[in-house]
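Down below is the structure, laid out as structure tokens.
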Amino acid sequence: MSDVTKAIEEIVRAAGTMMREAFNDPRKPAYSLKGRQDYLTVTDGAVERFVRGEVERRFPGDGVLGEEDGGAVDGARLWIVDPIDGTANFARQIPHFCISLGLMVNGRLEAGAIFEPMHNELFIAERGQGAWCNGARMRVSSQTELPAASVEIGWSTREPTATYLGLIQRSMEAGCSVRRAGSGALGLAYVAAGRSEAYAEAHINAWDVAAGLLLVEEAGGRVNDFWADGGLRRGNAVLATNAALAEQIGVLTGIALK
Ligand code: IPD
Ligand code: CA
């Protein structure tokens with residue numbers, strides 16, 4: 001593991017401790033809504049400020065793009081952070097949320113990690129070196145049959161209801177089990193870990209997927225070209241699959257794989 005990847009691990013573990021302590025605080029995290037079904041807690045901002053500070057201290061001059069405070073995306077080295085992915089779960093006391101931190105160099109993801117603090121699970125990858133969950137090498141599932149496949153389909157108010165329902169309907173009619181657990185980043189990590197065959201969402205933001213896309217590729221899976229058409233600034237559709245079902249799931253979701 002490179003020094004950069006070790007730094008990523010240290011940062012996400014420390015951020016995870018902040019999240020776990022806030023989640024377990026008996027006063028319960030207060031939340032507000034940025035918009036319909038778009039949750040915000042004080043911990044989102046606190047964790048993002050912590051990560052920005054760590055990146056600035058360890059890698060002066062690098063850029064940071066974050067869910068809460070934005071950031072310029074034109075430098076050669078860009079850190080992409082979602083301080084809490086699954087904020088609705090965090091706010092409602094459901095222990096399924098994470099921090100996601102990825103490093104992009106000249107437009108290509110080079111390293112990234114997702115840390116899920118309530119089960120102490122670290123998913124981490126480095127370009128060309130592989131992907132690991134708590135030290136064990138990850139491989140995508142070898143499932144070849146859609147009637148045995150689990151697909152997670154993400155949802156937000158950014159897309160029409162009909163688009164989401166269409167994805168669910170086509171997946172179910174093909175025989176898949178469909179879930180939505182409320183964290184796109186963990187959804188991608190679970191594909192890398194072989195716990196789901198695919199994660200799909202009609203629109204998602206760069207901070208949700210920056211680490212997860214690399215995890216899936218390094219675990220032998222397939223992903224779409226999320227970064228095409230301004231995905232870094234505006235977000236894009238996302239699809240990540242195991243290798244064996246990639247063509248079939250690409251057709252049924254209508255999201256083209258690389
Ligand atoms: C959301 C979650 C959700 C996904 C949405 C994201 P947040 O992020 O990842 O699962 O479907 O597209 O916006 O609000 O929990 O940071
Ligand atoms: Ca998010």
Side-chain angles (χ1 to χ4, degrees), residues 12 15-16 18-19 22-23 29-52 64-71 79-102 112-118 123 150-161 163-168 171 178-192 195-196 198-213 215-216 223-224 226 231-240 253 255:
V12 298
M18 293 172 70
M19 290 154 68
F23 185 86
Y31 61 84
S32 56
L33 291 177
K34 290 188 269 184
R36 182 164 68 96
Q37 297 298 335
D38 194 2
Y39 283 73
L40 180 67
T41 72
V42 289
T43 312
D44 294 81
V47 171
E48 184 163 320
R49 283 192 296 279
F50 167 76
V51 172
R52 283 178 186 275
V64 181
L65 173 69
E67 171 161 16
E68 306 309 332
D69 293 325
W79 295 80
I80 306 176
V81 59
D82 191 340
I84 304 180
D85 189 55
T87 300
N89 288 340
F90 177 82
R92 305 300 300 274
Q93 289 286 295
I94 298 168
H96 185 80
F97 53 86
C98 64
I99 173 166
S100 170
L101 179 61
I114 289 170
F115 184 60
E116 198 272 71
M118 303 313 290
F123 305 88
S150 283
V151 174
E152 183 168 351
I153 299 180
W155 170 84
S156 77
T157 56
R158 297 182 297 273
E159 288 290 316
T161 305
T163 306
Y164 178 65
L165 294 179
L167 278 169
I168 292 179
S171 302
V178 174
R179 291 181 286 131
R180 180 174 87 86
S183 164
L186 280 176
L188 293 172
Y190 283 15
V191 174
R195 298 174 185 174
S196 303
Y199 183 88
E201 186 162 346
H203 176 272
I204 199 163
N205 287 304
W207 42 80
D208 299 306
V209 301
L213 292 171
L215 288 171
V216 172
V223 300
N224 68 317
F226 176 86
L232 181 59
R233 289 172 195 272
R234 292 194 299 270
N236 208 340
V238 68
L239 176 62
T253 57
I255 302 172

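Order of appearance sets the numbers: ligands from 1, and atoms from 1 within every ligand.
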side-chain contact (heavy atoms from CB on, under 4.5 Å) assessment of Ile204 paired with Phe226: CA-CA 9 Å; Ile204 199 163; Phe226 176 86; 3.7 Å; yes

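- Numbered from 1 in the order shown, with element, the atoms of ligand 1 that lie under 4.0 Å from a heavy atom of Ser183 read 9 (O), 10 (O).
- Panel note: side chain Glu152, backbone Gly154; no donor-acceptor pair is recorded below 3.5 Å.
- In this structure, the protein non-hydrogen atom closest to atom 2 (C) of ligand 1 is Asp85 OD1, 3.5 Å.
- In terms of polar-atom proximity, Asp38 is not counted as a contact of ligand 1, lacking any N or O under 3.5 Å from an N or O of the ligand.
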Hey, mind stepping through Val64 and Val81 against side-chain contact (heavy atoms from CB on, under 4.5 Å) and telling me if it holds?
-> CA-CA 7 Å; Val64 181; Val81 59; 4.1 Å; yes

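- Relative to atom 6 (C) of ligand 1, the option among Asp208, Leu186, Val209 with the closest non-hydrogen atom is Asp208.
- With salt bridges taken as basic N to acidic carboxylate O contacts below 4.0 Å, none links Arg52 and Glu68.
- Summary of contacts: the protein heavy atom closest to atom 15 (O) of ligand 1 is Gly86 N, 2.7 Å.
- Side-chain N or O atoms of Asp44 include none that pairs as donor or acceptor with a backbone N or O of Thr87 at under 3.5 Å.
- Using a 4.0 Å cut-off to heavy atoms of Arg158, the atoms of ligand 1 that qualify are 5 (C), 12 (O), 13 (O).
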If you apply the rule side-chain contact (heavy atoms from CB on, under 4.5 Å), what do you find for Leu33 with Tyr39, and how did you get there? CA-CA 5 Å; Leu33 291 177; Tyr39 283 73; 3.7 Å; yes

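- Per-residue contacts place Gly184 under 4.0 angstrom from the following atoms of ligand 1 (heavy atoms of the residue considered): 2 (C), 3 (C), 9 (O), 10 (O).
- Here OG of Ser183 is found 11.0 Å from CD1 of Ile84. Values are rounded to the nearest 0.5 Å.
- Considering Glu152, Glu201, His96 only, the shortest heavy-atom separation from atom 4 (C) of ligand 1 involves Glu201.
- Every atom of ligand 1 is numbered from 1 in the order shown, and the set under 4.0 Å from a heavy atom of Ile204 is 12 (O).
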- [ ] Give the intermediate values and the outcome of side chain to side chain donor-acceptor pair (under 3.5 Å) for residues Ser100 and Asp85.
- [x] CA-CA 7 Å; Ser100 170; Asp85 189 55; over 6 Å; no

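- Within the 4.0 Å heavy-atom criterion, the part of Ile84 lying near ligand 1 is the backbone and not the side chain.
- At least one N/O-N/O distance between Gly182 and ligand 1 falls below 3.5 Å.
- Using a 4.0 Å cut-off between heavy atoms, Phe97 makes no contact with ligand 1 at all.
- The side-chain heavy atoms of Leu188 and Val209, taken from C-beta on, include a pair separated by under 4.5 Å.
- When all heavy atoms are compared, the tightest approach of Gln37 to Trp155 is CG-CH2, 3.9 Å.
- Of the polar atoms of Ala88, none of the N or O atoms is found under 3.5 Å from an N or O of ligand 1, judged by distance alone.
- Considering the Ca ion (ligand 2) as centre, the angle to OD1 of Asp208 and to OD2 of Asp82 is 90° (10° rounding).
- Asp85 contributes OD1 as its N, O or S atom closest to the Ca ion (ligand 2).
- Less than 4.0 angstrom separates some heavy atom of Glu67 from each of these atoms of ligand 1: 16 (O).
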